[in-house]
Amino acid sequence: KQEVTQIPAALSVPEGENLVLNCSFTDSAIYNLQWFRQDPGKGLTSLLLIQSSQREQTSGRLNASLDKSSGRSTLYIAASQPGDSATYLCAVIGLTGGFKTIFGAGTRLFVKA
Amino acid sequence: GAGVSQSPRYKVAKRGQDVALRCDPISGHVSLFWYQQALGQGPEFLTYFQNEAQLDKSGLPSDRFFAERPEGSVSTLKIQRTQQEDSAVYLCASSLGGGRQGWGETQYFGPGTRLLVL
């Protein structure tokens, strides 16, 4: 059974700092991996999607990497801003188990001005 | 519409009541997903539709949960005889493609319905 773990559970950093969020998954047979952002009381917003054949994706100040063999992904946020404060969720779609999307519990990020 | 919408945004039900939660996906999106999100946790998959066909309902926690999408657009998640453990945020998402393609594409989420069962 696929399990997704995110570390740390919470993170507080000063504005301008570069930071890394970690995601690990137990079954490397994945179709893709996505990073989402969730603001309080709102739905999820897709940030980056990495197909299983890819190693990384970039969008603005965000860079996500994928290492299938080790079951790990990282989300790198450069020059963090207070507006980046949110919960960041990692999700994988497996090649088995009916193509369910399996989410981690998320990392709650707070960027201090 | 421009995005996925859900209604109601908040629902308070007494234990034992039936509730119906509505999802309006992005127009033209073939795939539709329902998730349940408990406080402090990530969303958990409930069910998946490709147009009007419910291809995966393995995440529905009990036979009290029922979902439909009769015309391949709007979807309704119904919970019968609600229990306190059903209290959660119910999220709906849609994606453009269907089948394997739909699963692999970006999912667009609605704001969710927060259900509280007393």
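Numbered from 1 within each chain, the chains take letters A, B, ... in sequence-line order.
The hydrophobic cluster containing A/Phe36 does not contain A/Tyr88, counting ILVMFWY residues as joined when their side-chain heavy atoms lie under 4.5 angstrom apart, directly or transitively. No continuous path of hydrophobic side-chain contacts links A/Leu21 to A/Phe103 [ILVMFWY only; heavy atoms under 4.5 Å]. A/Leu33 and A/Leu44 are members of different hydrophobic clusters when ILVMFWY side chains are connected at heavy-atom separations under 4.5 Å. When hydrophobic clusters are built by joining Ile, Leu, Val, Met, Phe, Trp and Tyr residues whose side-chain heavy atoms come closer than 4.5 Å, directly or via intermediates, B/Val89 is not grouped with B/Leu46. No chain of hydrophobic side-chain contacts below 4.5 Å, direct or via other Ile, Leu, Val, Met, Phe, Trp or Tyr residues, connects A/Ile93 to B/Trp34.
The shortest non-hydrogen separation linking A/Gly43 to B/Leu91 is CA-CD2, 4.2 Å. B/Pro43 and A/Leu89 get closest at one heavy-atom pair: CD-CD1, 4.2 Å.
Note that NZ of A/Lys100 and OG1 of B/Thr47 are 10.0 Å apart. Values are rounded to the nearest 0.5 Å.
In this structure, chain A has no heavy atom under 4.5 Å from any part of B/Glu44. Looking at A/Gln51, only its side chain comes within 4.5 Å of chain B, counting heavy atoms on both sides. If you measure heavy-atom distances from A/Leu49 to chain B, the contacts under 4.5 Å come from the side chain alone.
No hydrogens or angles considered: nothing links the side chains of A/Gln34 and B/Gln107 as a donor-acceptor pair under 3.5 Å.
Annotation: B/Arg15, atom CZ; neighbour count of heavy atoms from other residues, nucleotides and ligands within 6.0 Å does not exceed 12. Taking a 6.0 Å sphere around CD of B/Glu71, one finds it holds 12 or fewer heavy atoms contributed by other residues, nucleotides or ligands.
Between B/Tyr35 and A/Thr101 there is a side-chain heavy-atom pair separated by less than 4.5 Å.
Using a 4.5 Å heavy-atom cut-off against chain A, the contacting residues of residues 108-118 of chain B are B/Phe109, B/Gly110, B/Pro111, B/Arg114.
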